[in-house]
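Everything below concerns the one structure shown next.
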Amino acid sequence: MSAHHHVSAPERTRVTPSGLAGRGRLATLFGAALCVLAVVLGFVQEEGMARLQHGWLLAVTFFVTLGLGGLFFVLVQYLVRAGWSVVVRRLAEHLAGSLPLMGLLLLPVVIPTLFGNGQLYHWADPHELAESHLLQEKAPYLNGWFLLVRVAIYVGVWTLLVRAFNRRSLAQDDTGDPSMTIWMQKRAAPSVLAFALTLTFFAFDMLMSLSYEWFSTIFGVYVFAGSAVALFATLVLLALRFEGRGELRGIVTTEHYHDLGKLLFAFVFFWGYIAFSQFMLIWYGDIPEETVWFQQRWVGSWKYVSLLLLFGHFLLPFVGLLSRHVKRNRSLLASWAVLLLLMHLVDLYWLIMPTLSPEGASIGLIDFACLSGVGGLFLGGLWRRIDGKPLVPLRDPRLGESLAFQNL
Amino acid sequence: MVITAATEPKRAHVAAPVVDVLSDDPTQRPPLMTGENDFTSITDDVCGIAEREATPRAWYIAFAASVTGMTVMFAMLGYLIFNGVGVWGNNQPVAWGWPIVNFVFWVGIGHAGTLISAILFLFRQGWRTSINRFAEAMTIFAVCCAGIFPAVHIGRVWMAYYLFPIPNQMEMWPNFRSPLLWDVFAVSAYALTSLMFWYMGMIPDLATLRDRAKGKVRQIAYGIASMGWTGSARQWHRYEKAYLLLAGLATPLVLSVHSVVSFDFAVSQVPGWHTTIFPPYFVAGAIFSGFAMVVTLMIPARQFFGLKHLVTMKHLEIMCKIILATGMMVGYAYAIEFFIAWYGGNPYERFAFINRAMGPYAWAYWTMATCNVLVPQLFWFKKLRTNLWVMMGVCILVNVGMWFERFVITVISLSRDFLPSSWDYFKPTAVDVLTFAGSFGLFFTLFLLFCRYLPMVAMAEVKTVLPQAHAGHGLHAEEPAR
Amino acid sequence: MQRFHFPRWTNALVRGLPVVAFLSAVYLVGLLAFGASPETLAVGYAPRQPIPFSHKLHAGELAIDCRYCHTTVEEAAHAAVPPAATCMNCHTRIKPQSPLLRPLREAVAKDEPIRWTRVHDLADYVYFDHSAHVTRGVSCVSCHGRVDQMEVVEQVEPLSMGWCLECHRDPAPNVRPVDKVFDLAWEPQGDARELGRRLMEERGIAPSTDCSTCHR
Amino acid sequence: MSASNLHGLVAYYADVDSLLAAVRRVREAGYQRFDAHSPFPVHGIDPVMGIRPTVLPWLVLGAGLTGCAGALLMQWWTNGHDYAFLISGKPLFGLPAAIPVTFELIILLSAFMTFFGMLALNTLPLLSNPLLRTAGFGRVTADRFAISIEAADACFESHATRELLAGTGALSVEACESDESSAVVPKWIKQLTMIGAAIALIPPALIAMERYGTRTTPRIHVITDMDFQSKAKAQSASLLFEDGRAMRRPVEGTLAVGEWIEDEYRATGKVAGQLGTGFPYEIDRAVMERGRQRFDIYCGVCHGLDGLGRGPIAVRAESLEESAWVPPTNLHDERLLTVPEGHLFEVITNGVRNMPAYAAQLSVDDRWAVVAYLRALQRSRNASIEDVPTDQQRNFK
């Protein structure tokens, strides 16, 4: 309804960041070096290979879920024809743009399974297969080659989607052709479907199958909820970053932060709802093959990680983000975003690491090396993608609506 | 004693540009309503329905049919209460038969109203204003129908107070660890909150009816119901804050209600019931069936009461899209359930799902899958989702499918319990069938009364989405409405 | 037509409505609690019997032990009402012609039971076992009151589920030495609860509060 | 129209813009007690009117916290404390299972507070309002906008205010007259209330009569088929059998499992048809205690606890001067000291002369226990110091 307030489109040069490419290259180099360091440490340290694989999976999944969050955001904005979000959509597009590379980085954990290395995925261990009747039942699905095919499909689908949407969005900056938007609106619905299926099975394959005896139908939704929280937290932080640099100053306003904050709040609640559903039903059903998974996460210091998630990922941010005042205050919102991004990492850590150190939570040097290594590659890619392209979809037909957006 | 300071300006009738409400053109937002609407016309159009002097014959015919159905239901309930639950088909091993199926079915239908009122409100979806009153009313009537089944399922309805923590001679308390008790709290909280939400939304419109009422009875009735509302800015201020708060409260509530309903099944260890995706899957299914019901009722209602310019094809199309989306979610849950049943490796779980698709109830399962997953696929095509007949057909089938979904979950899993010697094939009795059929009578009776005497469209809210409602509109009067 | 306007007093009336609603709610709840409680419904039932048998005379003044007539109370769930023959142990020679005892004589002559009206009648879905209680030290008096002082037997306890549970959850005050179970006048020396607790410990009394204890 | 019955002035406007402009003017003119009226919420009017944010959200937060604490306390107290009952191995109070109800009550209480709080803050319901009597005001809920200024405002001056409003582009300005109707609740309502209150006293009075008296009719049973099930219970009546008894008499000579006693002497007190002497099994202290207890219950009433034949029944019969009464035997009679034990057993079992049989009341072993106790009782009257165990003899000397 805000179309009455006419706001002129921002100038291209003002909203196009420059000088990020160099920083991006630096980050890539730094990341690559740390990745090498991680691998070296993996070879050198005792039990290092197992930790390397776990740490690598943690790092890659963290950034893949960020990318997936970005993709989800982009798709949904087109699906529902949202107007308010146009000014932050480009940031999400760039996040999604990391998916092809991050997807490729999954290979180091997939390939070992082809050779019977069960340090990460125990189901890949031939001894395990020989001994476990349950695993033999699941072997048609849980085997290295099929996993490779599936991961290729996931990454392929993501790459296709990212390319299709990002390319058109960028092209529109030049042409202003509304048919691009129409094209994407039409394709958004089937794309969301493909997104949902790939994300679900990605979650099953890469995370749930770490404990191959365990299963939960809601698991895909759980990972999705976490990704969405991480996405909105990242969007807030990125928007603040570029507001600070100047590209988004006066474009992303308190109103947009308010809305991002609302969505962040909503998905914090959604994550809590899904996590509670999964936990409560398993707790109540009390079937050993299911409860074992939560039991593992209640052993030793894992208990505190679980509690940290309960409070840090749900209760505290829920209360903290309840107030309208917080959502409209940049620094308060940013603090919660930082916390939630961190909590998303803890969440994934909590999903992945108990198979490595069942006796209690532990962090190794390799974990840091993996995380900062993959993070360097991720950031490097991100900066280079952002560099030289307008951070605002300049000629998006709904840009005016977004610029003039007011929370009523 | 009136001083006229300025002459009343005549309504400017600018020739309305022909706009396609279904346009996908991203460069402009199609209007939410068609034709020339202003505050006066909306008031007249909506109030006109409730103020009509002579009730149309068609209304009487529909009302008579509904009351007959309702009477049949109450007769069946009386028979049931007099004779006991044995008059139903419920027995071992299917101890939860049609009553629970019907309960979940009606509660599910009752989800769309609050969703439209609350969640779409939070999402700033202006189009909801045309249909939210209608959908909220539907919610409340559906919850009324839903509440009947668990209430009579306890067999001795006069003992229903055991469900609440009321001190009693038994000196015992309800078991709060039971999901059935959670249900009691969830459904009661939902019914009460929805009722308050609905009623609060109606207060300004009831005031409109009060101020226009001709007869003394109506003046008194609407006068009491509207509580002396004067539409003052201070009242609106608190009213809007309250509306926002209620929307914020109703949103998690609506999620929780069907989640809790799903807990009834999912906390157990029955194969086919104990699965973690049940809460969101049930919620999606509830929205799915609720929207289908709204569309089913809306199509004839807008035609019959002349509301086509307020509830446009666009409204119906959006609802069809939501039906498609939630239908896909339900289909997703079906698929994941099947996959995990295999992946989990538990032979009982595997059997439960193979039995669904290939056992004696395969007909029910495939009816469900067809109606819920295949049929809504028609809505991918814009031609079909904007065709009233297709829409009507799909929505009715969706509700058939959703009834069967509950049937599949409840009956199939129970009919094949862990002890093969007690396996049985569930057959409903005539009482089962007539009670369920009659519950539609209750639903439509309430609904027809609502259509006849209450504001069917939230006038005050619709007015807020008119361009004239915004400050500065006068300055841009020459601009086409957007 | 003149519009209808609510007169000013309606405002005052509306103010009063919450008070009236509150009072009505309190009234209704109170009425229900007062009227529907077993203390109202069940206690005080003293039906007329075919023979005006006086427990006060027999069990009180003559000090005949409860078990003289209710022979099965220690072995069975049901505390048997004596057959006519038991009455005739004495009444063949004491008051053999009393008109009050005519139903007794007729019953004996026709070999039919006397149709006593049951005073303490639990619902049929309750399974109460007398033997389980009296052999563990729960006296007759705990449930039936001072029958030895009753001219006409009357229900003095609610015998409701809550009332049963009260004792099952906390039996100590009602547990006494087994040889004092049929001594209705017995009062514990000192603290009844303390004594009960000791006896419970000695004899391992731990009453169940499972549903299936009474409902099977 | 006198100034005294002027409640205020109402000015009407055609659209939102003129309303907003007018509100601004009125406020600038210093008015406090005025309000704007519109058929829908006008956005942006709050700052113009100077409306401060409502406290409602805080009230709702309070209600929500109350709901949370109340629900948790309720569930803990009822299930975890007051009625601790283990069900399917779940903890008495487990947080996961307590969350659904807690959540629902948070929402429910918050929703109540929202709805009723909104009404209370808006002082609704307020059915009588001078504005609602004002002729033109009816359209404000449809398609008109209005400003009302109360005469009670400090700045209010009938003429000047009217001028001000007229100058704001109002379509018209209308006087709003005070409501002159009576503010006193009519007598008939009060009378009805009194009558209602009086009638309300009747049910408690009836209940009190029921509660504090005795009655000969049984309690009310709502659910007769549960309270009185169609099943046979001990000593109940039944329509199924001709004799009307639910309990069937066993066939003559029926013995329950375990009741058959092999030893003829133990079972009948006779050996080969002759009354026997001695006891069929060893008498220990427990048997003696049992015998004493049974003797006191069944024999003592006539024979007296001391066996002298002066039991309470005998005393009573004598005091009634019953002609048919035959005094009970003194059990310390010389004759009884020498009869064989089998005789005593036989008498208890089958009765003798005026004494009825006690086989129904006393089991076989109980009868032997009574015989044993009787022997001890008799002995107590004829004992010598030699009968006392040697280590205790000293106490009796």
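What you see is a predicted model, and the numbers here were worked out from it, not measured in a lab. Quick note: numbers below take in every heavy atom, side chains included, and nothing from hydrogens, waters or symmetry partners.
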Select one option (side chain, backbone, both, neither) describing which atoms of D:Phe145 are under 4.5 Å from chain B's heavy atoms.
side chain
Heavy-atom donor-acceptor pair, B:Trp182 side chain to D:Glu104 backbone, under 3.5 Å:
no
Give a yes or no on whether D:Gln32 atom CD has more than 12 heavy-atom contacts from other residues, nucleotides or ligands under 6.0 Å away.
no
Once rounded to the nearest 0.5 Å, what's the spacing between atom CZ of D:Phe115 and atom OG1 of B:Thr193?
11.0 Å
Using modelled atom types and a 3.5 Å cut-off, is there a donor and acceptor pairing between side-chain atoms of D:Asn79 and backbone atoms of B:Phe176?
yes
About how many Å separate CE of B:Met200 and CZ of D:Phe116, when rounded to the nearest 0.5 Å?
12.0 Å
Do B:Phe185 and D:Leu105 have side-chain heavy atoms sitting under 4.5 Å apart?
yes
B:His237 side-chain N/O to D:Thr54 backbone N/O, donor-acceptor pair under 3.5 Å:
yes
Heavy atoms only, distances under 4.5 angstrom: which of B:Arg210, B:Arg234, B:Met459 has the most pairs with chain D? Name it, please.
B:Arg234
Side chains of D:Met226 and B:Arg156 in contact at under 4.5 Å (non-hydrogen atoms)
yes
Portion of D:Leu20 that has a non-hydrogen atom of chain B nearer than 4.5 angstrom:
side chain
Name the option with the most non-hydrogen atom pairs under 4.5 Å to chain B; the candidates are D:Leu131, D:Asn129, D:Asp82.
D:Asp82
As an exercise: rank D:Asp143, D:Asp35, D:Val16 by heavy-atom pairs under 4.5 Å with chain B and give me the winner.
D:Asp35
Relative to each other, are the rings of B:Phe39 and D:Phe40 parallel, tilted or perpendicular (30° and 60° limits)?
tilted
Could you tell me which of B:Met172, B:Arg177, B:Glu171 has the largest number of non-hydrogen atom pairs under 4.5 Å with chain D?
B:Arg177
D:Leu86 CG: over 12 foreign heavy atoms closer than 6.0 Å
yes
Please state whether the side chain, the backbone, both or neither of D:Tyr12 comes within less than 4.5 Å of a heavy atom of chain B.
neither
When heavy-atom pairs shorter than 4.5 Å are enumerated against chain B, which of D:Val10, D:Ile51, D:Thr123 gives the highest number?
D:Ile51
So which of B:Ala189, B:Ser232, B:Ala460 has the biggest tally of heavy-atom pairs under 4.5 Å with chain D?
B:Ser232
To the nearest 0.5 angstrom, please state how far the CG atom of B:Asn175 sits from the OG1 atom of D:Thr78.
9.0 Å
If we only count heavy atoms from C-beta on, is the D:Leu124 to B:Gln235 side-chain gap below 4.5 Å?
yes
Quick check: does any side chain N or O of B:Thr208 sit under 3.5 Å from a backbone N or O of D:Thr141, one acting as donor and the other as acceptor?
yes
Look up atom CD in B:Glu240 and atom CG in D:Leu56, then write down how far apart they are to the nearest 0.5 Å.
12.5 Å
Got a second to check how far B:Met227's CE is from D:Leu127's CG, nearest 0.5 Å?
9.0 Å
Answer whether the closest heavy-atom distance between the side chains of B:Leu245 and D:Ser110 falls below 4.5 Å.
no
Is B:Lys463 reaching over with its side chain to a backbone N or O of D:Ala142, donor-acceptor style, under 3.5 angstrom?
yes
Quick one: what part of B:Leu244 sits under 4.5 Å from any heavy atom of chain D, side chain, backbone, both or neither?
neither
Check whether any side-chain heavy atom of D:Leu108 sits under 4.5 Å from a side-chain heavy atom of B:Leu192, and report yes or no.
yes
Any side-chain heavy-atom pair from D:Val140 and B:Thr230 closer than 4.5 angstrom?
no
When D:Ala36, D:Ala71, D:Ser18, D:Ser128 are compared by non-hydrogen pairs under 4.5 Å with chain B, the top option:
D:Ala36
Quick one: which of D:Pro53, D:Ala146, D:Pro100 has the most heavy-atom pairs under 4.5 Å with chain B, could you say?
D:Pro100
Counting heavy-atom pairs under 4.5 angstrom with chain D, the leader among B:Cys47, B:Ser259, B:Gly228, B:Ala250 is B:Gly228
Report which part of D:Trp76 has an atom under 4.5 Å of a heavy atom belonging to chain B: side chain, backbone, both, or neither.
neither
Any side-chain heavy-atom pair of D:Phe85 and B:Trp173 under 4.5 Å:
no
Pick one of side chain, backbone, both or neither for B:Arg212, based on which atoms fall under 4.5 Å of a heavy atom in chain D.
neither
Within the structure provided, determine whether D:Phe103 and B:Pro252 are in side-chain contact (heavy-atom separation under 4.5 Å).
yes
If I take atom CH2 from residue B:Trp229 and atom CG from residue D:Leu132, how far apart are they, to the nearest 0.5 angstrom?
12.0 Å
Name the option with the most non-hydrogen atom pairs under 4.5 Å to chain B; the candidates are D:Ile45, D:Leu119, D:Val42.
D:Leu119
Show, in sequence, the C-alpha distance, side-chain angles and deciding distance for D:Met118 and B:Tyr239, and conclude whether the side chain to side chain contact (heavy atoms under 4.5 Å, CB included) test is met.
CA-CA 6 Å; D:Met118 185 278 286; B:Tyr239 174 92; 4.1 Å; yes
